[in-house]
Amino acid sequence: MPELPDVQVLKEYLDSTALHQRIADVTIDADDMLEDVSSRTLKSRLRKHSLRSTRRHGKHLFVEIAGDGWLRLHFGMTGELEYSKGEREPGAHVRLRLDFANGFHLDYRNTRKLGQIGLVDDVDEYIEQAGLGPDPLASEFDLASFRQALAGRRGTIKGALMNQSALAGIGNIYADEILFQAKLHPKAKVNRLKPKTVEQLHRSLQRVLSRAIEARVDPERFPDDFLLPHRDAGGSCPRCGRELQKTKVSGRTTYYCASDQRRRT
DNA sequence: CCTATAGCCTGACGGC
DNA sequence: TGCCGTCAGGCTATAG
């Protein structure tokens, strides 16, 4: 699930709950999800420190450990965070639990283990080294940056939007939504797009991501013209009412409106 | 540069 | 009820 808007909501959740408290204990059950760090090291880097701030880039959440370094969380398809109080043992899919001195704990849960937990010294360096593209919600991500991100690419626009080294943060779901809002066919070729289309796509992209965040990624609070709540077999287009098409683009299940998304340039 | 494919891991769902 | 195949919103490695 967690794409850029979801991770932003998780970031704000963490910001409003788990910062500035001493970590009394750390439980890890995620050996195969740990990225370049041992369970032991991670534990000792976290314990007795507190979390100071967070940053998000694309689908990655970085949590500053007072003292030094950053905890990097990637959520894969099934990752989530929960801050709560209680003595209960971590549930089956809790990969990381931070117990705070105030009796609360923060759980990073991930059913399918497709995410990652890591430690990085320098966030910008990590982004660079991981080859992540720009974050489309960063203030400096203007039309020129978007053009730059698409420059020299071929293939489908949907594939390009989901390519994390072109742009960081868009996944299958939001790619569909952005293309729907831009009234563009998901198989349109990137290098065939008219400047005007790229401009419109840039607007749709920013609008979709920020609206989703405003709605706290709750489909019930999405604008009425969003595709996402209808993105299911048998779902119909919120604009024209026709049944949505289901197909594969760049290997991913894709829903679109054959009538409203005819444009390919 | 691109695509398609398989694989990582687990749970939900539909068909029999 | 149980078993089995399929599929899922991430990402990588491989081959072409």
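Below, each value reflects all heavy atoms present in this structure, side chains not excepted, and no hydrogens, waters or symmetry copies. So you know, we letter chains A, B, ... as the sequences are listed, proteins then strands, and number each from 1.
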Undergrad: Indicate whether OP1 or OP2 belonging to dC8(B) is found under 4.0 Å from a side-chain N or O atom of R112(A).
TA: no
Undergrad: If you only use heavy atoms from C-beta on, which nucleotide in dG9(C), dC9(B), dC11(C) is closest to the side chain of E3(A)?
TA: dG9(C)
Undergrad: Do H60(A) and Y126(A) have ring centres separated by under 6.0 Å?
TA: yes
Undergrad: Of the residues in residues 113-129 of chain A, which ones touch DNA chain C at a heavy-atom distance under 4.0 Å?
TA: L114(A)
Undergrad: With P as the reference atom in both, quote the distance from dT6(C) to dT5(B) in angstrom, rounded to an integer.
TA: 15 Å
Undergrad: If the threshold is 4.0 Å, N to carboxylate O, is there a salt bridge linking K183(A) and D225(A)?
TA: no
Undergrad: Aromatic contact between Y83(A) and Y13(A), with the criterion being ring centroids under 6.0 Å apart: yes or no?
TA: no
Undergrad: Rounded at 0.5 Å granularity, tell me how far CD1 in I178(A) sits from CD in Q200(A).
TA: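 Spacing of CD1 (I178(A)) from CD (Q200(A)) equals 13.0 Å.
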Undergrad: Without decimals, in angstroms, what is the distance between R192(A) CZ and dC1(B) P?
TA: 18 Å
Undergrad: Evaluate salt bridge (charged side-chain N to carboxylate O under 4.0 Å, His left out) for R216(A) paired with E12(A), printing each intermediate quantity in order.
TA: CA-CA 10 Å; R216(A) 319 305 303 161; E12(A) 291 170 15; 3.0 Å; yes
Undergrad: Tell me the interatomic distance from E80(A), atom CD, to dG9(C), atom P, rounded to whole angstroms.
TA: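 That distance rounds to 17 Å.
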Undergrad: Parallel, tilted or perpendicular: which one describes the rings of H202(A) and F141(A), with boundaries at 30° and 60°?
TA: tilted
Undergrad: Does a nitrogen or oxygen in the side chain of H74(A) sit under 4.0 Å from OP1 or OP2 of dC11(C)?
TA: yes
Undergrad: I need the CZ-P distance between F75(A) and dT10(B), as an integer number of Å.
TA: 19 Å
Undergrad: Can N110(A) and M33(A) be said to form a side chain to side chain contact (heavy atoms under 4.5 Å, CB included), step by step?
TA: CA-CA 10 Å; N110(A) 198 323; M33(A) 294 178 62; 3.8 Å; yes
Undergrad: To the nearest angstrom, how far is M33(A) atom CE from dG10(C) atom C1'?
TA: 11 Å
Undergrad: Ignoring backbone atoms, establish whether H93(A) has a side-chain N or O less than 4.0 Å from OP1 or OP2 of dC9(B).
TA: no
Undergrad: Short of 4.0 Å, heavy atom to strand atom, which residues of residues 244-265 of chain A count as contacting DNA chain C?
TA: K246(A), K248(A), R252(A), T253(A)
Undergrad: Counting a pair only when it is Watson-Crick or G-U and both distances are under 3.5 Å, which runs of at least 3 such pairs involve DNA chain B?
TA: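 So far as stems of 3 or more pairs are concerned, DNA chain B shows B:2-8 with C:10-16, B:10-16 with C:2-8.
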Undergrad: When you measure from the side-chain N and O atoms of K59(A) to the phosphate of dC11(C), is any distance below 4.0 Å, counting only OP1 and OP2?
TA: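 For K59(A), the contact criterion (side-chain N or O under 4.0 Å from OP1 or OP2 of dC11(C)) is met.
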Undergrad: Atom CE of M77(A) and atom P of dG11(B): how far apart are they, to the nearest Å?
TA: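 Value for this atom pair: 14 Å.
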Undergrad: What do you reckon, are the aromatic ring centroids of F180(A) and F226(A) less than 6.0 Å apart?
TA: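 Between F180(A) and F226(A), the centre distance exceeds or equals 6.0 Å.
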Undergrad: Distance check needed: dG10(C) C1' versus K158(A) NZ, whole Å only.
TA: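 Going from K158(A) (NZ) to dG10(C) (C1'), I get 13 Å.
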Undergrad: Ignoring hydrogens and angles, answer whether the base of dC1(B) and the side-chain atoms of R153(A) contain a donor-acceptor pair closer than 3.5 Å.
TA: no
Undergrad: Measure the spacing between CG of L106(A) and CG of L98(A) and express it to the nearest 0.5 Å.
TA: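 Here the rounded value is 5.5 Å.
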Undergrad: Over how many whole Å does the gap from I157(A) atom CD1 to dC2(B) atom P extend?
TA: 11 Å
Undergrad: According to a 4.5 Å side-chain heavy-atom criterion applied to Ile, Leu, Val, Met, Phe, Trp and Tyr, with indirect links allowed, do L19(A) and F100(A) form part of one hydrophobic cluster?
TA: yes
Undergrad: Without decimals, in angstroms, what is the distance between I173(A) CD1 and dA8(C) C1'?
TA: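 Atom CD1 in I173(A) sits about 10 Å away from atom C1' in dA8(C).
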Undergrad: Just N and O in the side chain of T156(A): are any of them under 4.0 Å from OP1 or OP2 of dT3(B)?
TA: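 Answer is yes, contact under 4.0 Å.
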Undergrad: Quick check: do D29(A) and V94(A) have side-chain heavy atoms less than 4.5 Å from each other?
TA: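 D29(A) does not reach V94(A) side chain to side chain.
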Undergrad: Charged N to carboxylate O under 4.0 angstrom, R97(A) versus D107(A)?
TA: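 A salt bridge links R97(A) with D107(A).
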